[in-house]
Every structure is written in structure tokens, then in C-alpha cells.
2 protein chains.
Amino acid sequence: MISLKQIRYFLSVAELGSFTQAAAALFVAQPALSRQIALLEKELGFRLFEREARGVRLTPAGSGYRDRVVAVDGMLSAAADEGAQLASGESGVLRLVHSSSIPAVSLLSAIRQFLVESPNARIDLDRISSETQVTEVAGGKADIGIARLPVLRRDSAVRFVELADEPLLVALSSKHPLTRRASLSLGELRDLPFVSAVHRERGGLARLVTDLCLRRGFVPKLARVVSRKTSMLDLVAAGLGIAVVPQRMSEIAGDGLVYRPLVDADAQARSAMVLPLRASPLARRFADIMGQKKDPATRAG
Amino acid sequence: MISLKQIRYFLSVAELGSFTQAAAALFVAQPALSRQIALLEKELGFRLFEREARGVRLTPAGSGYRDRVVAVDGMLSAAADEGAQLASGESGVLRLVHSSSIPAVSLLSAIRQFLVESPNARIDLDRISSETQVTEVAGGKADIGIARLPVLRRDSAVRFVELADEPLLVALSSKHPLTRRASLSLGELRDLPFVSAVHRERGGLARLVTDLCLRRGFVPKLARVVSRKTSMLDLVAAGLGIAVVPQRMSEIAGDGLVYRPLVDADAQARSAMVLPLRASPLARRFADIMGQKKDPATRAG
DNA sequence: GACTAATCATGCTTTTTTGGAATGGATATA
DNA sequence: TATATCCATTCCAAAAAAGCATGATTAGTC
């Protein structure tokens, strides 16, 4: 079997035109070199060198072989460098998944800082449910998730790092009667139609809101048109119902909408990063940035 | 030192996602495989695989490494194939050198046949003196020479394969008085100016003609304008002198020229192939073709 | 919840490969 | 002719690699 060592030996002999000199340059004895070249020639089935009185010269076949083989060494080094960069987090792709209720724009600040710190890195964003995030991160399909708590599905391969709480707001159509109120309580929403917040089996924002309502003795009433996507705020603006959303979401959609704070102390939305136990360097870096941003928010809120 | 074996092992594990399966596919024991991968990882300085319960998975770094390294195997095979083709004479370049008095057109038939037999081969033609041919063929700068005899320089690294003799003709301007004669003898050229044929120290056609004249007791008289290139026939046509040339040369220049045979029995031009002792396959093939063509010519002439 | 099966890692021994020193053979140089 | 140079060969020792047996961990199962 041809070895890289043989090829390196061959290139050295070809360059220097002499077994003796090449052996000196390679810090091996000349007979060892002779034998490796002989083995290589035997393996290839043709002679690489013409042996002459003062040194050797490449045969045409040897010359052609050299032209093709000379790049291999460089390719291997390049591959090793590439791998080292990826391993160190100097370059690579961060596959970031996030919940609908944590829109990408609310992550923009962290993303920008991340891209500045890692100029050779890329980010692939994907918006998927909090539950799926656990599966994808555990399965290695995603590097980090930003999920809305509670998350029901657990996996020993992932851990959660909680982020700052943020207050929940009531989103109302600007024409809604309750907009006259400066603040609201959850109990007052008992008979109002929700355009979101539903399945008890699922986690995320819907689960959170449902639980808060249950704690106050009622099941949130569903509007006739219901959505679980960001566009639910459009339904609210259209007057089809109300929604309880985290503060962040109020930052991205305003036309025709009015937000009112909830006086309830427990009306807080919780979120967390979903990380694999052995996070990639890029994921670690992003998590660090998110962690830095968490504290000021926590203190502030 | 990273070895090709390690890389082949790595690619197999990466493809199958399992040490056990890869070991089976490679016909080695699983521990041997484990160790080689471990060594490779240590050498590279980063982990290639995430070890998981049911098999392994490439790390991002391992994936990048694989993408770059996967071509290496193919490159080495391609290089070996290229070399084998060159060694077998299936492809390559035949560096053919020839004397001025054996113009390329007179070799066209052999060249055509050669190119048909070796469709992937190329020919580099060069016109150099017979003496230089010996040096270049001996020094490996040319693969085969077609020389006009006699060749004075000898070299133990080359051998000569004589080709068919061909009659010498006298080239005259079409206005020359001697054109009235159907044939001539060398002795009749005693006082006529030669536009070529000169240096006694050199070989080739010039040497041959000079020797023939000397054998008849005179030194050929030089014309006032002398050339050693093919264009000497232009000088003859212009009436500046006469020339004694092999029959082949009469086939390539006719305007304003008349050729007359020499009655002298020894007025024969000899030529030979100059071959290295260990000729390349392409040179051997070309020599074979030339050899085939020699015999009919010999019989005919 | 213990058991089984599967997978990769480790320790030890044997085989294979590789390298080094001495030597031989061929060839150019003085 | 003698000498120096260069590559090939032989023999022996060292290093590397493979195989076998076994350990450790984890997923799936009853």
C-alpha cells in the first residue's frame, strides 16, 4: 500500500535529483530511502527515476506522477487547518433554532456581536417549536436552541440555560374597549377570545398562558380564528381576539395594536437556551453572549 | 505522521458511521481501527467523531476535514494512472530532433502512423544538427534523433540504427548550363561553387559531400554566399551556386530548381536514428515505424 | 429496574514494517 | 589505474501495527 511517506520521499528525491542528498534532507539513511522508492516503484508498476552515474533523473512517467502528486501534501495540510478552524470555533456554521415567540429580530443584538467576534462563522436560523428544539439539539441537527419555557420534553443529552424573564402583555386591537385601561389583570380576560394559547399537552408560550389562566380558575376561551404563528398578532389587530404575549413580541408588530401590561406578578414569560451537553465552540460562544445580555435585562426587569 | 491508511480508515468510518462496521469493511479488527483513528485525532489536534451509544457521528471539524480529504485518494489513483500511461507509452510527448537535410515533411508518413497508433501522444519536433542530436539524446533532452551520417560525436549512452540510403542529387538553378545534362558525376563539380558543404570537423551532409569530393581529389569550392539551412536551395535557385543534396530534399523545394542524378556509385546519403540505450516506449514505437519504412525503401533504391 | 446486546476503548502479545550500519557494484574523475 | 561517488543489497534491531481478550458505557427489552 502506497504511503504518504513514500510520496514525500519521492518528492524530495525528485527535487534534489539525488538519493544521497534527499536522504540527508529527510534525516534518514540512504538505503532506507532507496528501499522506499523501490517499493513505491514496484507498487506503481513503473520506474520513477533513471539511475545515472551522478544522481538520478525523473522518467517521463515519474515526471507526470510528480506533477499530479505534488499537490497532495498541501491538500492534507489545508484539510487539517480547516478542521482545526472548525474545531476551535474560528469558522463554521452555527445552526440556531428559536421559538416563534422569540423572533429573530429580538436576537439581532446577540447575533451581531457573535458575527463580529467570529468573522469567519455563519449562522443558519430556523424557527421551530420549543419541543422540537430539544430533539434537534439532542440529535445534533441544531447547535443551540432558544426556547420558550416551559419545555415538556426532556433529553439527557441537552441542558437548559435560563434567560431573563420578561413581562407578559395583553395585545389588543387599537379599537378594543379595554385599550382605555392603563393595565389589566389576567382575571379580566376570562371571557375574552384568545387568538392563540391552546394545547395543554404542548409547552411554550401557549402552555404558559393556559397555565396562568387555569391558576385563576378558567380555561382561556378560543377565538373563532386561531393561529400559533407570529401572524397571530395580525389577527388581534383585525379585532378577531386578544393575545397574551411577551414584551419582545410587542417590539416587532405595532400597526393597529395596543399593548397593556398585566398587573399579575406571575405574568412573566420565561425562556431558555437549549444546549447539547458538549456544545460546539460556536454554540458556547453564542451562549456566552446571550448570558452576558441576560444579566442587565434581569436587573432591569 | 499522518498516513494514508489513517485517512482511508477515517473515510470508511465516516461513511458507515460505525467503527465496528468500518472495521468489517476494511478487514481489520475493531481495536486496530479505534487506535488509528485515535492517533489521527491526536495528530490533528481535534476530535473527528462524536462517540455515541449506537455508533459515531462526525463532528463539524471532522466533517470539514472529510470534505477536503476525500479527494486525496482519487488524486493518488489518478496520478498512478497518469504515470502508468506515460510509462507504457499510451500517452506522453515524443521529443523528436532531426537534421536539416531530413526535413520534417519527409518524416510525415512515419509521424502520421505514429499519431494514429498513439492517439494520446504528442510530438515535439526540433531541427538541430546531427552532432547535437547525440548530446541531447544522451542527456535525455530528446527521445529520438534522425541524423544524417556520418556523425562524429559518439556517446556510450546512445546507439545508432541506420536507415535506408538515398541517392545524392545535384541541385541546379533551372537556368544553369548543366541542366542540359541528364546526369552528372562528382568530378564535374570540381570548379563549381557550392552554397553549402563545408566544415570538415563537423558531420552530417556537409561532411559527407566534402569527403566524397576529397576522395576525387578536390576540395569543394565555396560560393560567395553560403548557407547551412534548408534555404540553401533558395540560393541555388537564385543562381548563386550548386548543392549536392539527398533525394528527399528534392521533394520539398522545386521552384526554379532542377535536380540531376550523380552517376558515382558512392554518392549515397546515409542516415540513422539516434536512440538512447533505454529508449522510452514512445521512442521505441517511433523507431519501429521508421524501421518498417526503411526496408521497402532499401529494396526499392 | 435489572438484563441483554451493541459499541467503542484499553492492555497485552505477536507479527509486520521500517530504519540503520556495513557492504557491494557500477561509473565517472583524476 | 586508483579513487571517489552514488545507488542497491543484506542483515539486524527498533518501531509500528494488528489481533485477541476484556472493560466500560449506553440503548433497548422484558
Rounded to whole Å, please give me the gap between CD in B:Gln6 and P in C:dT17. 17 Å
Specify the separation, in whole Å, of atom CZ of A:Arg8 and atom P of C:dT18. 14 Å
Give a yes/no answer on whether the side chain of B:Ser18 brings an N or O atom under 4.0 Å of OP1 or OP2 in C:dT7. no
Starting at atom CG of B:Leu16, determine the distance to atom P of C:dC8, rounded to an integer number of angstrom. 11 Å
Parallel, tilted or perpendicular, judged at 30° and 60°: which one describes the rings of A:Tyr65 and A:Phe10? tilted
Within the structure shown, what part of the strands sits under 4.0 Å from B:Tyr9 by heavy-atom distance: base, sugar-phosphate, or nothing? sugar-phosphate
Checking D:dC7, C:dA21, C:dT18 against the side chain of A:Lys5 (C-beta onward), the nearest is C:dT18
To the nearest angstrom, how far is A:Leu4 atom CG from C:dT17 atom P? 18 Å
Within-4.5 Å side-chain heavy-atom neighbours: B:Arg8 and B:Leu11: no
For a quick test of reading the model: is some side-chain N or O of B:Ser34 closer than 4.0 Å to OP1 or OP2 of C:dC8? no
Shortest side-chain distance from A:Arg35, nucleotide among C:dG20, C:dA9, D:dT9: C:dG20
Taking the side chain of A:Ala29 as its heavy atoms from C-beta onward, which of C:dG20, C:dA22, D:dG19 lies nearest to it? C:dG20
Nearest listed nucleotide, side chain of B:Gln36, among D:dC7, D:dA17, C:dG19: D:dA17
Measure the distance from CZ on A:Phe19 to C1' on C:dG25 and round it to the nearest whole Å. 16 Å
Salt bridge (Lys or Arg N to Asp or Glu O under 4.0 Å) for A:Arg284 and A:Glu117? Distances and angles first, verdict last. CA-CA 13 Å; A:Arg284 257 195 293 272; A:Glu117 288 180 10; over 6 Å; no
How close or far is atom P of D:dT26 from atom CG of A:Leu277, stated in whole angstroms? 11 Å
Given D:dC7, D:dA17, C:dC8, which nucleotide is nearest the side-chain atoms of B:Leu39? D:dA17
Please determine, for the side chain of B:Thr20, which listed nucleotide (C:dG11, C:dC8, C:dT18) has the closest atom? C:dC8
Consider the side chain of B:Arg51, meaning its heavy atoms from C-beta on, and name the nucleotide among D:dA8, C:dA9, D:dG19 that approaches it most closely. C:dA9
Checking C:dC8, C:dA22, D:dC7 against the side chain of B:Gln30 (C-beta onward), the nearest is C:dC8
Whole Å only: how far is the CZ atom of B:Arg278 from the P atom of C:dA26? 15 Å
Using a 6.0 Å cut-off, check whether atom CD of A:Glu52 has over 12 heavy atoms from anything other than its own residue. yes
Value in whole Å for how far the P atom of C:dT7 lies from CD of B:Gln21: 7 Å
Options D:dC7, D:dG19, C:dA9, nucleotide nearest the side-chain atoms of B:Val28: D:dG19
Under 3.5 Å, is there a donor-acceptor pair between the side chain of A:Ser130 and the main chain of A:Arg148? yes
